[in-house]
> 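Just passing along the structure, written as structure tokens.
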There are 4 protein chains.
Amino acid sequence: MQSRTPPLRAGRPRSAAADTAILAATRAALVELGWSKLTLGDVATRAGVAKTTLYRRWAGKNELVVDAVAELFDELRLPDLGSLAADIEGVVLQFAAILARPEAKSGLMAVVAESTRDDALRERIRGSIVERQKRLVLEGRTRAQERGELPPETDPAEAARTADLIFDIVAGAVVHRTLVSAEPADEEWVRSFTGVLLLGLGSASQVPPAAP
Amino acid sequence: MQSRTPPLRAGRPRSAAADTAILAATRAALVELGWSKLTLGDVATRAGVAKTTLYRRWAGKNELVVDAVAELFDELRLPDLGSLAADIEGVVLQFAAILARPEAKSGLMAVVAESTRDDALRERIRGSIVERQKRLVLEGRTRAQERGELPPETDPAEAARTADLIFDIVAGAVVHRTLVSAEPADEEWVRSFTGVLLLGLGSASQVPPAAP
Amino acid sequence: MQSRTPPLRAGRPRSAAADTAILAATRAALVELGWSKLTLGDVATRAGVAKTTLYRRWAGKNELVVDAVAELFDELRLPDLGSLAADIEGVVLQFAAILARPEAKSGLMAVVAESTRDDALRERIRGSIVERQKRLVLEGRTRAQERGELPPETDPAEAARTADLIFDIVAGAVVHRTLVSAEPADEEWVRSFTGVLLLGLGSASQVPPAAP
Amino acid sequence: MQSRTPPLRAGRPRSAAADTAILAATRAALVELGWSKLTLGDVATRAGVAKTTLYRRWAGKNELVVDAVAELFDELRLPDLGSLAADIEGVVLQFAAILARPEAKSGLMAVVAESTRDDALRERIRGSIVERQKRLVLEGRTRAQERGELPPETDPAEAARTADLIFDIVAGAVVHRTLVSAEPADEEWVRSFTGVLLLGLGSASQVPPAAP
DNA sequence: TTCTAAGCGAGACGGTACGTCGAGTCTTCAC
DNA sequence: GTGAAGACTCGACGTACCGTCTCGCTTAGAA
């Protein structure tokens, strides 16, 4: 639990509004310019903030973009649509919709690319984005178990491994479809994909074939 | 095979060795520095070549790295291990091995990130890397059909859609596992993943559980 | 004379110690860093004072340094060595000694340079340094007249002009010798210089040749 | 004597026009902005040159300004006006005229101030400005000796010391008059000063009193 | 004594310039 | 006409100080 009275350090406190403005400006710049042409000077200008203020709070472009993009994924909600298949389809569609936004596309892949050489950055991504959204897999499983669509797990370690696998498959497939294949992850695709996934996981709850 | 009598333009012909040296130097620089710290001046120096020479042949950093990375994936071969499951496991392991190399990791993701805002670049990636390796999916399916593990397809359009879906799932999952989750795509993981995939595709050929 | 009852404004009075500490810190910083690398933040830190305090009392670096350097010249005293020549030599040597100190050297010239574009600053320099020390020329002349070494002046305007000329020659020569020629204004040089000066001024009182 | 065939190094040669443009731009910026507000970025822009080009040729603001100001003093010529006194008056007036120009004023004093903490800079000033103009003193003396106004010197070391002393007195007085006292070194002042100087040097050639 | 206005430290703020670096182009000479 | 060399323009980098501001906390005379 946090201290109810924050450190109360001396000096002028940091402007809370600045953080919000900077992250919003970062996303706006990502949309207009993309990752590689985004400059911190420009972000600062858009946010109506001095470059120093920006550097005081983030170590660099990578860290800033991780935080700016992470907020996008916080909108994800696991819908309750009555069946595991429908719930998964719903959340995958949401995920695809976010990934279709230009600020997510170019920002996310770029920081992942950078993270291959920067362990601290990778941890930041994991903490701020990946682990934070893994909740959706866990919620989905719990709910399916309550409905009787999935058996209760017996081995917790195995259960964790499976959750990770599912996350890699879902996130990986949607990202690859969207960014590399450059095709929309639309309803039809999501239904096909979810079908394969659920069948592969041995769920009794099959997805009905799409009506033609 | 190239024309035996090349265009025979006037003046000194281009050094063939230069291309090889430049691509090798690019990969070496990717290993040491990663995408973002790789500079074309440095690549030129490593290759023992002037910057002018480099720019005469590639339009910029993106194009150069696509070509340098594309060569890595040409090593992929579909092994003939007797069953569809084993063949898939084999090729996924090869893919994972390539992705584990630092020059592939940071180079590939970075150009994918750039391609979100550069259609020409995305087409270059698709042509040089993605479509070129999609052959593996097709070969695998054909072989499985010959073995009777999969039924012959009836609808060619549907077959193409399925091939794309498989490719997105496989490539996406391995990439996500390797780069985002930052866990090794080792034999155990590949066996779990392949099991889900094949079961999901409705193949009769199940993967036996891993020996303990 | 100062008002015995200062303005007596409400609120906490300014710390008298701060002024002293700030000026001393300024001189120390001049010694260590020189004019151009001296920063007001650093001066404040050295003085154990907040930047705000410093800016409340001085408008900027120029004004602060003028005051810090001006104090150095207040040590100058016209010695009574029995003859005009000896008196002048004495005071010129004192002046040279002050100018040899690093805090005077780099501080003084820098503010003079700045004053070429800032009339208020030039007046501050004149008031705090130049006019304040011109007293030495006047004292010297009066004493020499009392001794009969110089005739009493007849035309006051002419006398003022001559005093100014002498001041320009003396201060200018010592400064140029010290800073530009970068040679010490030592006893030998001072004796030569004083000789030329007195002869030039038509004084009967010649400087005896230096004893070997 | 320089090599008639310069090193002929590989690569594109440096633009000769750039040097000229940069020095002229520096003087223009000194006039408009003064030393302390002059920025190298601004000089580069005025000269129509990139900042990097400027830094490739000069180490910093100090070095650049020394060179820009040094050129101003190359205009100085010892006039032949028939007598030592007139010649000196002539050259001192020229010197005063140059010093009255704003690019000389603020530039010169500032670099002198900086040179108090930078030996390389001081040597650059001495070499480019001081020693280069000391020629005027030597020429003047030679010419006066030819006219019989001054005796031929017997001791060369003593002659050199005297030349230095004269230079310190002349340059120092004019600089102090112009910059510190901030009074014009006009004809009247120059005549008074030259009178003192020549009388002090024991020259038979007196300056006639100024006509009223 | 309490009130209150100013001084004080700390440090965040919007700016401006720094000096460096890399991109991509151009100009020279040698092959 | 290709190639190595290196100077060129351009634009962003991340840092350092500037001079201002906003905090919470003294401090001391006035009420």
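All values below were derived from every heavy atom in this structure, side-chain atoms included, with hydrogens, water molecules and symmetry-related copies excluded. Just so it is clear, the structure is predicted and the values come from calculations on it, not from any experiment.
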> Tell me which residues in residues 113-122 of chain B lie within less than 4.0 Å of DNA chain E, going by non-hydrogen atoms.
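Per residue number, the list is empty: none.
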
> Taking side chain as C-beta onward, heavy atoms only, is C:Leu108 less than 4.5 Å from C:Ile129?
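The answer is yes, as the side chains (C-beta and beyond) meet within the 4.5 Å cut-off.
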
> Can you name the side-chain hydrogen bond (donor to acceptor under 3.5 Å, both in side chains) partners of B:Glu123, sequence neighbours left out?
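For B:Glu123, no residue satisfies side-chain hydrogen bond (donor to acceptor under 3.5 Å, both in side chains) once neighbours in sequence are set aside.
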
> Please work out which residues in residues 23-40 of chain C have a non-hydrogen atom less than 4.0 Å from an atom of DNA chain E and list them by number.
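By residue number: none to list.
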
> Does D:Val43 reach the side chain of D:Val49, with side-chain heavy atoms less than 4.5 Å apart?
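No; the side chains remain at least 4.5 Å from each other.
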
> So, is B:Arg57 near the phosphate of F:dT2, with a side-chain N or O under 4.0 Å from OP1 or OP2?
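Result: no.
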
> Holding to side chain to side chain contact (heavy atoms under 4.5 Å, CB included), I want the full list of residues that pass it with A:Thr45, two or more places apart in sequence or in another chain.
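For A:Thr45, no residue satisfies side chain to side chain contact (heavy atoms under 4.5 Å, CB included) once neighbours in sequence are set aside.
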
> Mind jotting down which residue pairs meet the salt bridge (Lys or Arg N to Asp or Glu O under 4.0 Å) criterion with at least one end in residues 38-51 of chain D? Sequence neighbours excluded, please.
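Qualifying pairs: D:Glu32-D:Arg46, D:Asp42-D:Arg46.
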
> Ignoring hydrogens and angles, write down the donor-acceptor pairs under 3.5 Å from the side chains of residues 59-67 of chain C, residues two or more places apart or on other chains.
unit_1: C:Lys61; atom_1: NZ; unit_2: C:Trp35; atom_2: O; d: 3.1
unit_1: C:Lys61; atom_1: NZ; unit_2: C:Leu38; atom_2: O; d: 2.9
unit_1: C:Glu63; atom_1: OE1; unit_2: C:Gly60; atom_2: N; d: 3.4
unit_1: C:Asp67; atom_1: OD1; unit_2: C:Arg124; atom_2: NE; d: 3.4
unit_1: C:Asp67; atom_1: OD1; unit_2: C:Arg124; atom_2: NH2; d: 3.4
unit_1: C:Asp67; atom_1: OD2; unit_2: C:Trp58; atom_2: NE1; d: 2.9
unit_1: C:Asp67; atom_1: OD2; unit_2: C:Arg124; atom_2: NH2; d: 3.0

> Give every pair of a protein N or O atom and an N or O atom of nucleotides 25-27 of chain E that lie under 3.5 Å apart, one pair per line with the distance.
unit_1: E:dC26; atom_1: O2; unit_2: D:Arg12; atom_2: NH1; d: 3.3

> Which pairs with one or both residues in residues 108-120 of chain A pass salt bridge (Lys or Arg N to Asp or Glu O under 4.0 Å), sequence neighbours excluded?
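Found A:Asp119-A:Arg122.
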
> For a quick test of your reading: what N or O donor-acceptor pairs under 3.5 Å do the side chains of residues 21-28 of chain D make, sequence neighbours left out?
unit_1: D:Thr26; atom_1: OG1; unit_2: D:Ile22; atom_2: O; d: 2.7
unit_1: D:Arg27; atom_1: NH1; unit_2: D:Ala68; atom_2: O; d: 2.8
unit_1: D:Arg27; atom_1: NH1; unit_2: D:Glu71; atom_2: OE1; d: 2.9
unit_1: D:Arg27; atom_1: NH2; unit_2: D:Glu71; atom_2: OE1; d: 3.1

> Can any side-chain N or O of D:Ser128 pair as donor or acceptor with the backbone N or O of D:Ile125 at less than 3.5 Å?
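No, D:Ser128 side chain to D:Ile125 backbone: no donor-acceptor pair under 3.5 Å.
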
> Could you give all pairs that pass the side chain to side chain donor-acceptor pair (under 3.5 Å) test and reach residues 11-22 of chain D, with sequence neighbours left out?
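Side chain to side chain donor-acceptor pair (under 3.5 Å) check on residues 11-22 of chain D returns D:Asp19-D:Arg57.
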
> Mind running a 4.0 Å heavy-atom check of residues 41-50 of chain C against DNA chain E and sending the residues that fall below it, in number order?
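Result for residues 41-50 of chain C: C:Gly48, C:Val49, C:Ala50, sorted by number.
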
> Spell out, as yes or no, whether a donor-acceptor pair under 3.5 Å connects the side chain of C:Ser106 to the backbone of C:Glu103.
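No, C:Ser106 side chain to C:Glu103 backbone: no donor-acceptor pair under 3.5 Å.
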
> Under 4.0 Å between a side-chain N or O of D:Arg14 and OP1 or OP2 of F:dG6?
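Checking F:dG6 against D:Arg14, no side-chain N or O comes under 4.0 Å of OP1 or OP2.
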
> Contacts to DNA chain F from residues 61-70 of chain B, heavy-atom cutoff under 4.0 Å, which residues?
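Nucleic-acid contacts, sorted: none.
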
